[in-house]
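Have a look at the structure below before the remarks.
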Amino acid sequence: MTTERHLITSALPYINGVKHLGNLIGSMLPADVYARFQRGQGHEVLFICATDEHGTPAELAAAEAGVEVAEYCREQHEVQREVCARFALSWDHFGRTSAPANHELTRDFAAALDDNGFLETRTTRQVFSVDDDRFLPDRYVIGTCPNCGYDRARGDQCEHCTKQLDPTELIDPRSAVSGSTNLEVRDTTHLFLLQSRLADEVGDWVRSRDSWSPLVRSIADKWLKEGVQDRSITRDLSWGVPVDADRFPALAGKVFYVWFDAPIGYLGASREWADVDPAGRDWRRWWRLDEGADDVTYTQFLGKDNVPFHTIGFPTTIIGSRQPWKLVDRIKGFSWLTYYGGKFSTSGHRGIFMDDAAELLPSDYWRWFLLSNAPETNDSNFTWETFAGVVNKELAGELGNLVNRVGTLLGRHCDSLVPAPGPAGDPETQLEAAAEAAITAYLAAMADLEIRRAAQALRSLWSAGNVYLEQTEPWRLVKTDPDAAAGVLRRCLALLATLGRVLEAFIPDTAAVLAGVVPLDAGGPVTTDLLTRLDRALVTGTPAAFPPILFRKIPEEEVEAWKARFGGGDAGPASSD
RNA sequence: GGCGGCGUAGCUCAGAUGGUUAGAGCACACGGCUCAUAAUCGUGUUGUCGCGGGUUCGAGUCCCGCCGCCGCUACCA
């Protein structure tokens, strides 16, 4: 098997607070599964993520918290790093778009675009809040809608009558930041990226991507069809990547727009990764086609709302740079996880957030539920009832119980030592066939980035163990043929070792426990004959160390309690935030 | 308002390029087992594929209209 090289990124979580389960399953978790899988197959992986830190929301959140924005982001970055670690997210580096590496790269890209004639300085008129001493993005200007009279319409659109607005149309406009009515319309100068000039090239590139899913493709096509507009890539803010004043004197004191610097953060974070060990790590080998990245397969994981930025926006930046940067090969887009049919909401604090989830249950419970119900082709729904149902049935009832059954029987009849091999009959043949089929299906699903299908294959692998026990009935067999019964249990140990290896990508903590029952060398990639390989590797007489109950069941009272605590079905429709 | 998506068994969802009797899991029913966290294993029931038209030899799958739900509208996956 040749070693492949996989560059994997997950969408960058915004700095503003702990993410919810929708964010987790929408990109970070599936990216982690894919990275773990490819590593496990012996391939070379660079898995990168970072916090997206610039922009008005970060500034306002910092102000609300009463700290400097730089300090706020530093703190929040650590908070997110810590909570992500609790979900066993295995990125090689978790960087920051505010890091020097990203600042430099962002300015470099702007310079390259400028050299190639794709930037232009334009003057626009924007609302300025004198009391806040800042320009206000459209949505941060609030006033009375000229159309319907709603008194809290936003400057970009009235939420009540849905009319699209220009902030200057609002009656009695005021700042959403301070409430101040001391507003002016001022001229301001910004850099525009002339995307229209690159639209054809980007369109050709998009059409050359034949492996994108219908969801991703349709979104990209829609944007191309509507016409790619020139976009302003700078803002009148203080927190961000400063525009190079030597090159763009008219823009001194301004910063790049997050829309521009955030995706560059993938490169920036890779460079941060390399900076940790400059002698041993070469980030350009992953990103520059002229420096060794030509054999890299780049896979992005992201939510569907992010598709336009990754299919059109960022590729435009790269293509316009006329530099040989690696463009994305495969995009895995996700739909939404809903909470009782409504939207998860960060600002409305509706749904389950990662810190709360981590406090309630070990991460594998969440990982399994979320991955096996990932919103791949359609939105999928979270309810405490279905969550508890999946945990109780699949994890506790099937997988955990299987391990417990084997452990009890082995302790009772074999002193918890690996028994000698027994005879192989029909049940053994069936077990092997089932394991082969499950692993084959798993490998195929992973190759296609189909997370749910892969999860079903994994489930069928452990279910084969319960079927095998029912067929062989070692608790009964032991009375008539103890050696044969012991042989059955040896097979079970081989299956548990197989699970310990194959489950590593989805539920790594559990996999590690299973792999530790009878430590043996499970090296090499997951292959369809793994069960027989590991059976052969078992050494008769080796002690087996079984863990306590792997998964606890979630009783109905707890479901009710959590529903009450987090808001369940009675929570109204999603707030519009 | 515009754009996009969805509406398939009681529930949650699968069903590229239209093609034999529409699938899975859960739930439910019955049966087996009793080693196990009353767990597990087997068998089985359920559908005018939102409504109405149309194209076609043939449509859940394409087209039109309607109804209902949801999301986005460029700084939260």
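Note on naming: letters A, B, ... go to the chains in the order of the sequence lines (proteins, then strands), and numbering restarts at 1 for each one. No experiment lies behind these values; they were computed from the predicted model shown.
Applying the 4.0 Å criterion to OP1 and OP2 of B:A77, one finds that A:Asn306 has a side-chain N or O inside that range. The side chain of A:Lys393 places an N or O atom within less than 4.0 Å of a non-bridging phosphate oxygen (OP1 or OP2) of B:C26.
Remark: the separation of the P atoms in B:G53 and B:A59 is 14 Å, to the nearest Å. If you take atom C1' in B:C35 and the same atom in B:A24, they sit 30 Å apart, rounded to whole Å. With P as the reference atom, B:U8 and B:G44 are 26 Å apart, rounded to whole Å. The separation of B:C13 from B:A22, taken at their C1' atoms, amounts to 14 Å, rounded to a whole angstrom. Using P as the reference atom, B:U17 and B:G7 are 14 Å apart when rounded to the nearest Å. A distance of about 30 Å separates the P atoms of B:A74 and B:G15, rounded to the whole Å.
With hydrogens and angles ignored, a donor-acceptor pair under 3.5 angstrom links the side chain of A:Glu470 to the base of B:G32. Looking at A:Thr56, its side chain comes within 3.5 Å of the base of B:C75 through a donor and an acceptor atom.
For A:Glu75, the CD atom counts as densely surrounded, since its 6.0 Å shell holds more than 12 non-hydrogen atoms of other residues, nucleotides or ligands.
If you check B:C35, B:A74, B:A77 against the side chain of A:Leu409, the one that comes closest is B:C35. Of the candidates B:A14, B:A77, B:C75, B:A14 carries the atom nearest the A:Arg452 side chain, counting heavy atoms from C-beta on.
Residue A:Ser380 is classed as a sugar-phosphate contact, given heavy-atom separations below 4.0 Å to backbone atoms only. At the heavy-atom level, A:Leu550 lies under 4.0 Å from base atoms of the strands shown. Within the 4.0 angstrom heavy-atom criterion, base atoms lie near A:Ile549. No contact: A:Asn16 has no heavy atom under 4.0 Å from any strand. As judged by a 4.0 angstrom heavy-atom cut-off over every strand, A:Ala396 is placed among the base-contacting residues.
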Query raised in the report: Which string of ( ) [ ] | and . matches RNA chain B, if you list each base 5' to 3' and count Watson-Crick or G-U pairs only when both distances are under 3.5 Å?
Result: (((((((..((((.....[...)))).(((((.......))))).....(((((..]....))))))))))))....
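Aromatic ring centroids of A:His77 and A:Phe94 lie under 6.0 Å apart. The six-membered or imidazole ring of A:Trp336 lies away from that of A:Phe334, with a centre-to-centre distance of 6.0 Å or more.
The ring of A:Trp475 lies on top of the base of B:C35, close enough and flat enough: under 5.5 Å between centres, under 30° between planes.
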Query raised in the report: Yes or no on ring pair (Phe, Tyr, Trp, His ring centres under 6.0 Å) for A:Phe314 and A:Phe309, after CA distance, side-chain angles and deciding distance?
Result: CA-CA 6 Å; A:Phe314 189 38; A:Phe309 297 106; over 10 Å; no
